[in-house]
Each structure stands twice: as C-alpha cells, then as structure tokens.
Colleague: 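Supplied in structure tokens, the structure appears directly below.
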Amino acid sequence: MKTTLLRFFLVISFLSLLVVGCSNEKTVGDKGGEYPSDKITYSIPFDPGGQSDIEARRQQPYLEEKLGQQVVIAYKPGGGGSIGWSELVQKKPDGYFISGMNIPHIILQPLSQKDSGYKTEEITPIAIVQATPIGLAVSKDSEIDSLQEFIEAAKKQPGSITVAGSGTYSGHHLAFLQVQELAGITMQYIPFNGAAPAVQGFLGNNTKAIMANSNDLMKYKDEMKILAIGSEKTFEPLPNVPTFQKLGFDMTAAIDRGVAVPPGVSADKIAVLEAAFLEIANDPAVQEEQYKEGFEPKAMGHEESKKYIQKKKEQFREILEELDVVKE
Amino acid sequence: MRVTKDIGAAFFLLALSVIAIYGVNDLTLMSAVFPLTISILLLVLSLIYLLQSVIKINQAKMEFGQRGIMLALGSIGYIFLIWLIGFLWASLLFMCFFSIILQEKSKRNQKGNLVKTIMLTSFLVLLFYLLFTLVFHVPLP
Amino acid sequence: MISYIPDIMQSLLAPLNIFCMVVGVLVGIIIGALPGLTVTMALALLLPFTFSMAGDTALITLGGLYIGGMYGGCISAILINTPGTPSAIATTFDGYPLAKKGKAIDALISAAVSSGIGGIIGGFALLFLTPVLAKLALQFGPPEYFWIAMLGLTIIASLSSNTLLKGLIGGAVGLLLSTIGISPIGGESRYTFGFPPLQAGLELIVILIAFFCIPEVFEMVERKIKKRQEEQTPTLEKGIVKRVLKQVMIRPFLLMRSAIIGIVIGIIPGAGGNVAGLLSYDAAVRFSKRKERKTFGKGNMDGVIAAESSNNAEVGGSLVPLLSLGIPGAPPAAIILGALMIQGIQPGPNLLTEHGALVYTFLISFILANVVMLVAGIYGSAFVGKLITMPVYYLAPLIVLLTVIGSYAIRNNFLDVIFMLGFGLLAYVAKKIDFHPAPIVLGLILGPIAERGLAQSMLMGKAQGSVLEVFFTRPISVILICLCFLSLVGPLLAKLKSNKTEKGELG
C-alpha cells in the first residue's frame, strides 16, 4: 500500500515538473499577427513605490486596454536608474520590452560617468508624458521674499547660502549651476540622496534654500516661500510663482518622465506605442490628476522627444564642460 | 617560518588596502577622501596584524571538512548550471545530487533510499518553485 | 480622534479587513523568514493588489505585512544564523547560539513576545506622539547622521571583545566595500573598474546572506551529523510558553529602552530596523551587570529581547515622518507612501485633517496587528523550531537554493547571485581565521550614512564659515557625541577595573 502511494506521488511530481518546466516560456515575442501579440514588460529603473512607479501604474490600465495585451511592471533599480537603462539598451528590439525614462538622468549620466553602461543616443524615446518643473524655495521664516533679494544676499556673502538638492550632476544640481552662472553668484550646493532626504534636510533648517520638484513644492508650500520655478510658462498649480524666464533668467529646469525602447525597434512598432502613450497623456482626466499632484502633463511624441533630448544634451554639455566633468 | 593562515590573511588585507589606495587615483577630493582614509586605516591595521601573527606562532591550523569543500564546489557548479540550463532543472540536479552525496554511507546503501531521496527533493524543489512564481510572483534567475 | 470612533470601529470590525490583517501578518512572517526576501520586497509584491482594495483595507493589509515581516526575520536568524531581513542581524548574535544549545523554541517565543510588545509600544507612540516625534525627526540633520553612524561603529568594539584587531579590520573592510559605486557627494563612480553593474554598489542583503548564511551552511555539512542533531533538538516542554513569557516580562526596562531606541531610530529617515536592532543590542550589553556581559554572544536571552523589541518598535517610528510629513522613515514606509498616493491620498502636513478617519484606523489596526503577530509567533514557534531537525543533507542544499532565489530577487540581477556565492565562500574562509561577519556588515551599512553625513556637514560648515561649529555645537549632536565617548571608554574602564581586582586578588 505504501509503495503504491509513493509511486503514485513520484509519477505526479514528475509529470507536473515536466509540464511546468516546458511551459516556462522564456521567449516572449511576436506570436504572429498584429503587434503587440504578446505581453509587454514595462521596466522601472527605480524602486517600487517611487514616482516613476506611480506613473507607470497610472498608465497601466489604459495601456492594457489600448494595446490589448497584458502589461507587466518589473523593477530594476540601482545607480539612479543607470542599471535599468544599461539593461534596456541591450534588450532585443522586438518591441516587447519598454522602460521608464527620466530626463535629465539619461543625458547627465553618460556625460559625467565613464561607466554608466549606456549612451544617451541608444535610448530610443517613445514619448514624454510628464514634466516636473524644478523650483527654488527658501524657508517661510526667511527674510528673503523674492529671487532678487536672494541674489543680493548671495552677493553680499558669497558661498554662504546653502541649497539642498537631490544628487550630484542631477537635474537639481544642474539647475543650481545654471542659476549660479546666470546670476553671477556663488552658493553652496549640498547634495542629498533623493528628493525626500533633501526636503527633510531643508525643513530641518540644515540648509537655507532648496531646489525641489514641483510636486514637493506643492506638498510643502505652507512651509516655504517659493521664489521661482523652472517651467517654460506659468505653472498652473502654482500661478503666483514667477518662472525663471519671466524674471529675466534664460533657463528652464525640470525633470521629465517618459517611456523608451532599445535601439533598433522598427518604426511601425514605435508608432503603435507612441499612439497609445500620447492618447493617455492627452486624456483630460489624466491631465487633471497630474495637476492635482503637482505635475505638468506633457505629450511629446517620438520625434519631438528626440529633438528635446538633443537640445538639452547640448545645454548640459556646455555647463559640465566648464566644470571639466565631461567624460564622454 | 611556516605560512600560517593569519599571515596569509594579513598579506591579503595588505594587498586589498593597496588596491584601494590606488583605486581612488583619478577621483576628485570629495569622492576620494572617505575611501582613502579607510584604506590607509586598513593598511595600518593589516601591518599590525601581520606583525602580530609573525610574533605569535601558536595558532590552530585551518581545517576544512571534506564535505564542506564539496558543497562549496558544488554550489559554484550549481550557479553555473543555472546560467546554462535554467533555474528549475539546475535546482533539481543540485538538490538531488547533494542530498544523496551528503548522506552517510550506511544510509546510502539502504533499499529504496535512492528513489526516496529523489522524490523528496523533487517535491521540495517543485514546492518552492511554485510557491515563489505563482504565489509570491518573485522573479527567479 | 474621538469623533472618528464610529468610523474606525466600522472599519476594524469589517470581516474583510480582519481577514486581510491576519493574512497580511502571516504572509509577512513567512516572507520575512526567508532569507533574501525582505519586508520591502514583500510590500512591493503586494502593492499591485492594493489598488483594487479600498483605502482602509489596503493600509491594514500593508501594515500587517510590515509588522509580520519585521518579526519573521528573526526566525531564520535564530534557526540558521541568517537574518531573514536586515533588521534581524542583531538577533543572530544570541539567537543562533541559543538554537545551538537546543533552545531554539525558547528563543523564537521570546522573540515573538518582544517583537509584539515592542511593536505595540511603537504603535502607541505613533498614535499619540506623532507631532512631537515628527519635530524631533526634523532635528536630525547631516551632523547627527554622522554621529549616529559613529556610534554604530563603536559597537564593533563591544562585539569583538576578544579579537579587537580583527573586528576593526572587519569594520574597515566593510566601510571600504560600502564605497563601491557612485560617491554620494562627488558623484563619481568608485571602484567599479569599468564594470557598469557595480555602479549601484553592493547590495546589503546579498552580503548579509553571503556572510551569515553561507559559512554556516558549509560548516553544517562538515560537522558530524549525529552529534549535531543531539545538541540541537529543541526541547518542547509543556508550559514553555508561560516560562518564556515570564522571562521576558521581568525585564520591563530592557523592553522599554529597546523600544525607545527603536522608535527614535525609526523616525530618522535613512536609518532603519537594522541600525535599531544593533544599537539596542549594544545598549543591552552595556547596561548589563558585569558578570553577565561575557554571556552575550553565547546565548543570552536578553540579546534577543533587545534586538527584536527594538526592530518592531522601529516600524512604528518609521511611519511617523511618513504620516506627518510625507517622508518615509525607512524603505518599507516608502512603499506604503506609494500605496497611499495611488489611492489618491497625499501624505503630508495635511494628512490628518483631510483623511483623519483613515489614518486613525490604520494606526489602531497597526497595534492590533502586533497582537496577531505575537500570538502567531508564539504558537507557530513550536512548529517552526522543529524544522531545523530536518536532515542536513536536505537542509543544506535547500538553504543554498533559497539563498540563490533570495539574492536574485532583490534586484533581478543575476550578478548578485554570483556576488553572494563569491563573498560567501570568502566569508567561509574568513570564519576559519576567526573573522566575525558582524563588523564587516556594520561597516557596510554605516559607511554610506557616515560618509554622507560627514561630507554634507563639511559643506554646511564651509558655507557657515566654521566646520567645527556644525559638528559639535548642535544639541542632539552633543548628546550623540557623549554616547560615542561613553561607548568607547566604557569597555576600557571596565577592563582596567577588572585588571585591578585581579591584581588585588593576587597581591
């Protein structure tokens, strides 16, 4: 009796192993028919729970509906995104692997590191769907009330004004450098490892000012005075904050989020993905949500994004070359 | 003077600290300060260690059990196998192989033992595999 | 809060919510117990499921998972000397020796009780003291982080009392390893040797598994099987629960102190459960009577109690800055932040006014989850403790299997698996030469915190015109500096005193 049971058990295990082992399809791809004909992997080069993750999850249901296929979100965090992007550019260009993309990260990383693992041009943008303008703010108890006063204070005591920001050679840092150069002042940048630690450091009065993302500026607007913001035109959720450009500084500063694919994906597949993402980006309900949370919705397609990235790259290259940092 | 394990370790650490010091060569001051300080510290400590181990001679020899080395080498092979034939099959082979090898000789020659082992290990591997992929959605190598 | 009570009761008594809480805690315990799968990962896995849930259900489930996971880490820490989550590192110090003495179930039960009590204290602090604690959290700036890291490093001295030199070397190696990757201030990649995947640095969990688990597994196979089984079969007498409960409850100061340490560390964003457990263990050692001190590291229950109660209290602490300021106090809290945002809730200064009922429901469910965990832990311990009596020839390869899964699952990176094994073999050899893994891991954890704190403070000092002022004149910094000093000087004084008494006896 016992042996028969054991034998039975053995057979079942073996059979199920075979089934599982064989059905474990590692190959995803065109199953014939229209693209997309199989599930799509949407990789996020950051930790789960972060802003990029939230954006992807916001898009996911719409995507699945429009593309008619399952969209699986995966994470590949590390190196501020560079691990995920190095992986992206090595994937097969079959259109079934897409990745979140962040500007200026994908521009600044290859420019400033010799082993970022990818080149900016290898990242083929599908669309840019969100902009997070970067703004300069001081504590609400500060005596400074405007950007002009801020600059005067900096000129009086060069190097004494500390500005918190997230990362070195990042969007915040570059914005800081641009302000320094355009205003002709010297300040002290204090990098933190993330937007949240920067806000925390600033709120704890460890720095006098902060370069922050628009959604953080919105969240904490009662605790700070926002002096200027880096969007091109007035930022709707913060209508009383002047843009840098309005105040006479020819600069824009923002962190843009979008989606990209590996180099070599065929034009028709790019078009399909682009259409889906742009449709989501232009959806009024989605746009309203973005404003509420403090973001600026964008809808730049493949070609427009490519030009934008190129333009930004030239801008940044100039700044970094002055600092003798360029490694490309 | 015999080369005891401590002396070997001390040299290893010395080499490590030298590599570390060299590695910060082309970095700016800001990036280099911390690692440089630590590597110099390590250098000093390793020197002290070296001196200490030369002076003291009575140290126990390093013992490695035969089985331990087998498992170690086997694990390296296992990782390699995963790369070659995929996680599931590599795990199966690895588990079965070692469950059998690691048993004591007396048990090994028991009747039906081989079959029992293979079954049990297959079951365990399958269980964990399903658990992780289906229930937890954990990505596997 | 009083006005919300009807809503809160309705939420808490809803069968679905109760079910989710229990399931959350149980799943959390299981995931926490598996080495390589962390609480953060567990929460991330559950995140997608929470979208379709109502706000309160989602939060209750996640809270339960968080608590369960924090506790679960101690199970593998005690049984196989591998912290299932980094927060359980300190639990291995005395938990595993206890298991080796056949007292695994005792350890597991006391861990469950301590975790539960610590978590409840943390939960109450969260409920009533959030505004105060939030202000305290903001007081921690770069200099304070630096001194906390220093304080943590002084623990190395107390951990390796016999082989101080080797402990220091270990710590230095750990610190060095932590510098691999992009430097926090300079922004350049260090020690990557042109190898892009190294840019992100070494992953803590991978090193944890490599250093704690692998050597143990290999040693496990080396020992004679019979002998091992004799010494390790855990005893299960009747009334064991009552006995262990008493053991824990007669140490209220220990529990309180550890919980407070946990809460304080928790509210500091960036320092998580691992630091809490370690600092609290260290405090337990220092405050113990001198005769007892030698028993730490060899199976002193107090070590387990200290470590476990503080890491669960830390959970409550980490939620303070999240709920009051929208800044997560630890990575798992960041996931909860994400979950909240997807639900359309923006944690920040206005959270309580806009979503009061939801927040209070969450906080109270949090306390209840701790109770669930406590019960599950106590009664599950007996069953779980027997697991290690599984024959070695199954257990060892199985553990290797689990470590492979775990190290891969962190970052979906096969390289991590290779690293894990590589470092694991190294650690196996190192152990033979008497190098303890704990200082290395400490260095690895505290390195980045120390470096960032140091560099940021120096920049601040540069702007202010006085670096010294920044480091030494801030109130919290001063307290921390004193603690560091005591930490270093204490053992030395003790040694001097004991030498004196020896001399006195001889002469």
Side-chain angles (χ1 to χ4, degrees), chain A residues 43 47-51 53-54 57-58 60 73-80 82-83 86-87 109 112-118 159-162 167-170 173 187-193 196-197 199-201 203-208 215-216 218-220 222-223 289 292-294 325, chain C residues 40-41 43-45 47-48 51 137-143 181-189 192-201 203 269-270 321 325-328 331 334-339 341-342 344 346-350 411-413 448 452 455-456 459-460 462-465:
Chain A
S43 162
D47 288 306
Q51 196 55 47
D53 187 20
I54 297 181
R57 303 237 174 236
R58 204 206 301 274
Q60 195 184 21
I73 297 189
Y75 303 98
K76 192 96 184 173
S82 59
I83 303 264
S86 338
E87 193 200 34
Q109 283 171 359
S112 59
Q113 307 290 344
K114 34 181 161 53
D115 44 12
S116 52
Y118 65 95
S160 70
I161 300 200
T162 47
T168 313
Y169 305 133
S170 62
H173 193 191
M187 310 181 274
Q188 181 65 56
Y189 181 69
I190 310 228
F192 287 80
N193 66 321
V199 171
Q200 180 209 346
L203 288 178
N205 283 319
N206 292 295
T207 64
K208 297 221 181 80
N215 58 321
D216 285 327
M218 288 259 309
K219 223 199 276 193
Y220 300 103
D222 297 325
E223 318 281 330
E289 252 183 66
K292 212 171 69 160
E293 293 175 13
V325 180
Chain C
T40 317
M41 206 184 293
L43 289 170
L45 287 173
L47 191 63
F51 303 153
L138 283 182
Q139 299 279 12
F140 279 85
I182 302 187
S183 78
I185 305 293
E188 301 158 300
S189 18
T192 57
F193 304 114
F195 195 39
L198 275 179
Q199 260 203 346
E203 186 64 47
L325 299 167
I327 300 176
I335 310 252
I336 298 189
L337 175 65
M341 300 209 13
I342 306 237
Q346 282 264 22
N350 304 322
R411 285 198 290 193
N412 292 359
N413 205 333
R452 261 199 293 273
Q456 285 169 338
L459 287 176
M460 280 166 63
K462 193 167 129 195
Q464 275 183 307

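Convention: sequence-line order gives letters A, B, ...; per-chain numbering from 1. Basis for what follows: all heavy atoms, side chains included, without hydrogens, waters or symmetry-related copies. Keep in mind that what you see is a predicted model, and the values were worked out from it rather than measured.
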Colleague: Contact part of L47(C) toward chain A, heavy-atom cut-off under 4.5 Å: side chain, backbone, both or neither?
Modeller: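 L47(C) touches chain A through side-chain heavy atoms alone.
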Colleague: Who pairs with Y189(A) by ring-ring contact (aromatic ring centres under 6.0 Å, His included), at least two apart in sequence or on another chain?
Modeller: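 Listed in chain order: H173(A), F176(A).
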Colleague: List the residues meeting salt bridge (Lys or Arg N to Asp or Glu O under 4.0 Å) with K76(A), not counting sequence neighbours, and say none if there are none.
Modeller: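 Applying salt bridge (Lys or Arg N to Asp or Glu O under 4.0 Å) to K76(A) gives E87(A).
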Colleague: Under a 4.5 Å cutoff for heavy-atom pairs, which residue among N215(A), N193(A), T162(A), I73(A) has the most contacts with chain C?
Modeller: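 Maximum pair count with chain C is reached by N193(A).
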Colleague: If you measure from CE on M341(C) to CZ on R58(A), what distance do you get to the nearest 0.5 Å?
Modeller: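 Rounded to the nearest 0.5 Å, the CE-CZ separation comes to 8.0 Å.
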Colleague: Taking atom CG of L325(C) and atom CD of E223(A), what is their separation to the nearest 0.5 Å?
Modeller: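 So the CG of L325(C) and the CD of E223(A) are separated by 8.0 Å.
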Colleague: Return the minimal non-hydrogen interatomic distance between Q456(C) and P191(A), and the atom names on each side.
Modeller: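 Heavy atoms only, the tightest pair is NE2-O, 2.6 Å.
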Colleague: Can you name the closest pair of heavy atoms from G326(C) and K219(A) and give their distance?
Modeller: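 So the two residues come closest at O-NZ, 3.6 Å.
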Colleague: Of all of G117(A), A196(A), S160(A), which one pairs up most often with chain C through heavy atoms under 4.5 Å apart?
Modeller: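 Ranked by contacts with chain C, first place is S160(A).
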Colleague: What heavy-atom pair brings Q188(A) and A463(C) nearest, and what distance separates the two atoms?
Modeller: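 Between these two residues, the closest heavy atoms are CB-CB, 4.0 Å.
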Colleague: So for L203(A), is it side chain, backbone, both, or neither that comes closer than 4.5 Å to the heavy atoms of chain C?
Modeller: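 Contact with chain C: backbone and side chain both.
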Colleague: If you take all heavy atoms of N206(A) and P142(C), which pair is closest and at what distance?
Modeller: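 So the two residues come closest at CG-CD, 3.7 Å.
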Colleague: Relative to chain A, which segment of A137(C) carries a heavy atom at a distance below 4.5 Å: side chain, backbone, both, or neither?
Modeller: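 For A137(C), backbone heavy atoms alone lie under 4.5 Å from chain A.
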Colleague: Rounded at 0.5 Å granularity, tell me how far CG in D53(A) sits from CD1 in I335(C).
Modeller: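 So the gap between those two atoms works out to 8.0 Å.
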Colleague: Using a 4.5 angstrom heavy-atom cutoff, name the option from P269(C), P328(C), P448(C), G338(C) with the most pairs to chain A.
Modeller: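 It is P269(C).
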